[in-house]
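Written below as structure tokens is the structure these notes are about.
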Amino acid sequence: MNDLLADAIFWAFAAGSVTTGLRVFRTDSMMRAAFYLLASFAGVGGILVLLGAEFLGMVLILMMAGEMLIMAIVMVMFMMNPAGLNPMWMVHQHRVAVAAGAGSFVLLASLPFLVKFPDRPAPQPEEATAELGTELLGDSMLVFQTAGVALLSTMIGAVVIANRSGRFGVAEEGSQEPTVEPGAGDQR
Amino acid sequence: MTLEAVLVVAAALVGIGVYGALSQQSFVMLMMGLELMINGAILALVALWSASAGGNPQGQMLGVVFMTVMAVEMALGFALVTNVYRVRRADITEKLRRLKG
Amino acid sequence: MSEYAAAGVAIAAVGAALLAGVYFVAVFDRLIGALVEGRPLQWSRLLAEPVQSSALMAVQQRRTTERPDAPAWALAPALFAGLAAVALAMVPLDRDLVATDPATGFVVFSAAIAMVMIAVYLHGWSPNSAFALHGAYRYGAQALSFQIPFLLAMLATVLPAESLSIVEIVNAQESLWNVVRQPAGLPLYLVVGVAVSFWGPLNLPDGSDLAGGTSVEDSGLSRLLWKAARAAMLVSVAAMGAAAFLGGWWGPWLAGPVWVVLKTVALLGVLLASGHLLARVRIEQFVLVSWVVLIPLALLNVFVSGAFLL
């Protein structure tokens, strides 16, 4: 594959990834937002494959497909307006958020032009996959195992937190938050 | 496809994520902002691994750790959303005011 | 330039193979149905009927619903068919005859299977219709349940090959096919294969109890495309099963590609026969069996095949 084609594919993925990333917060439906986020991740997965990290890129897409489906289901379970039949604009501190987002973009985007990174390109992708496998079960075994144990404890913790029969009795009967203003009534 | 170009794209993703995490009221939309930030971080990490780490496999290893972090964040986030909804009937951040000064 | 020509030939070959596979599934399914019910075989009708009904569907008027998500609705069948093509492109016909053989072929195939749930969910969600959304949720439950046993059953085939590449997985089966080496692997894979393209006993998302489930609002060309995409996915699953468990091109007397096609047809026969012989499973039963039986079984399969390789 020549450089021109690789560049064209990269810019297509990059543009797609950033536009769909923006659309996540600019759409009327949370369901659409989840699918836009998935598209953004798929674009990044494609760029990772182009960069030579084939395994990471494909695993990112694999993982995100399941995650976005769960996200869509959670949205319909708890959130208002999942279908997008009405306009949705649920934001707070919007100006601050825009400023913070733009500021962090400018700050981070200027870094690669201010810092000189060493020029040591990685070898061929196929070797990279095999090397990652050796690294996972070789020198970085402890890291890999720790990640596994962290995931296991997350699973247990998530099940305990989300359980209906909570620690202090049935979760639905749990604490109703007191209102801040006296006499304002609860917002149930 | 220079290193600078990839890093700018990663910065754009992180910037959008910061905007989303700060501006959205809904818990799940807020988590989407966090996800986008991690997304950009993974992209920047792999770009640096590919262009200036000489193919050191520990760079990819760090990518695997990032993905673990993402999975942990999602799982615990969904569990907390479920619990908060059960206990407080809240689906947006404004309804949780107990810790507000 | 020859590099691009080769890529074009490979893409065209995968597309042609999928089209032929879809037609074959349509004929084979009717053939098995006739055999099971003991009806006399009318070959000319058997061969012509899929073409006729496809032509009818293609020219039928299309209807729409109130405020659908039109782009997503149009995208879903295309995404499903594209994923089937991605999955099929990984399957080698012979040691040197494969559309593409990435070093991470196993992960690419798994990612394609995982994205199928997005395609089906989009298809059920986008028409803005209650039954279709019901079907989408059923597939969500089904897909999240079969994902883990599927990954584990396929993962066991990677162990003897010591590589994620599909060609290497087939190559490692020269002396002993994985179906013998890991007896639990193929049955697990077939259950999951039926679930992926929601065929026969696991046709819950598009089931007739939901008046057609996710495709209840489809009509005309998009209905045809959706049906074709489902059949294409079934072909891809069967072909990958032949490569990963039945030794791909390995076999006596015949040439490698012939063996691949024969084994694929055999697995397709099993998958399609399940639709005519088995009763439909309820969704909560499938979810329960997946988590309680299939996942431990698949884990055991990985541990045992790993222990044999030590």
Side-chain angles (χ1 to χ4, degrees), chain A residues 1-2 4-5 23 27-39 41-42 45-46 48-49 52-77 82-86 123-134 136-137 155, chain C residues 1 3-4 7 66-69 71-72 75-76 79 83 86 90 100-122 124-130 133-134 136-148 150-151 154 158 162-165 168:
Chain A
M1 191 160 54
N2 60 24
L4 196 66
L5 187 61
R23 290 295 298 270
T27 180
D28 282 344
S29 151
M30 290 192 186
M31 198 68 79
R32 268 176 223 141
F35 291 130
Y36 278 130
L37 188 59
L38 177 63
F41 272 99
L48 296 195
V49 173
E54 219 180 288
F55 182 80
L56 284 183
M58 291 323 293
V59 166
L60 189 69
I61 295 177
L62 167 65
M63 219 176 90
M64 276 304 134
E67 214 170 290
M68 284 310 124
L69 189 67
I70 295 172
M71 199 171 232
I73 289 173
V74 167
M75 278 179 191
V76 177
M77 272 160 75
L85 292 176
N86 302 307
Q124 289 303 303
E126 283 174 35
E127 291 167 32
T129 306
E131 271 174 12
L132 175 62
T134 323
L136 275 177
L137 298 175
M155 272 159 67
Chain C
M1 201 57 215
E3 197 184 339
Y4 300 109
E66 194 184 346
R67 302 196 64 177
D69 190 325
L75 173 72
L79 180 60
L83 292 171
V86 168
M90 304 284 142
T100 175
D101 179 37
T104 52
F106 161 75
V107 190
V108 177
F109 180 69
S110 312
I113 297 293
M115 289 296 283
V116 169
M117 53 189 174
I118 300 298
V120 178
Y121 194 88
L122 268 182
W125 170 78
S126 53
N128 193 18
S129 153
L133 192 63
H134 265 284
Y137 271 116
R138 283 187 180 181
Y139 195 74
Q142 187 173 336
L144 292 174
S145 311
F146 74 60
Q147 220 30 254
I148 300 171
F150 164 76
L151 279 174
M154 279 291 286
V158 170
E162 298 181 2
S163 167
L164 294 174
S165 145
E168 289 302 316

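Labels below follow one simple rule: chain letters A, B, ... track the order of the sequence lines, proteins then strands, and each chain is numbered from 1.
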Worksheet item: Are A/M58 and C/F106 side-chain neighbours, meaning at least one heavy-atom pair lies under 4.5 Å?
Response: no
Practice prompt. Give, for atom CZ of A/R32 and atom OG of C/S126, the distance between the pair rounded to the nearest 0.5 Å.
Written response: 10.0 Å
Practice prompt. Indicate the atoms forming the closest heavy-atom contact of C/P102 with A/E54, along with that distance.
Written response: CB-OE2, 3.4 Å
Practice prompt. Return yes when atom CE of A/M155 has more than 12 non-hydrogen atoms of other residues, nucleotides or ligands closer than 6.0 Å, and no otherwise.
Written response: no
Response to the item:
In short, A/A65 meets C/A114 closest at the heavy-atom pair CB-O, 3.7 Å
Worksheet, complete the sentence: When the 4.5 angstrom heavy-atom criterion is applied to C/L164 and chain A, the contacting part is side chain
Worksheet item: Mind checking what makes side chain to side chain contact (heavy atoms under 4.5 Å, CB included) contact with A/L38, not counting sequence neighbours?
Response: A/M64, A/M68, C/M115, C/I118
Practice prompt. Look at C/A111, C/A112, C/A72, C/G140 and state which one has the largest set of heavy-atom pairs under 4.5 Å with chain A.
Written response: C/A111
Fill in: Separation of C/Y137 OH from A/L69 CG (nearest 0.5 Å)
9.0 Å
Worksheet entry | Residues forming a side chain to side chain contact (heavy atoms under 4.5 Å, CB included) with C/S163, sequence neighbours excluded | C/S165, C/E168
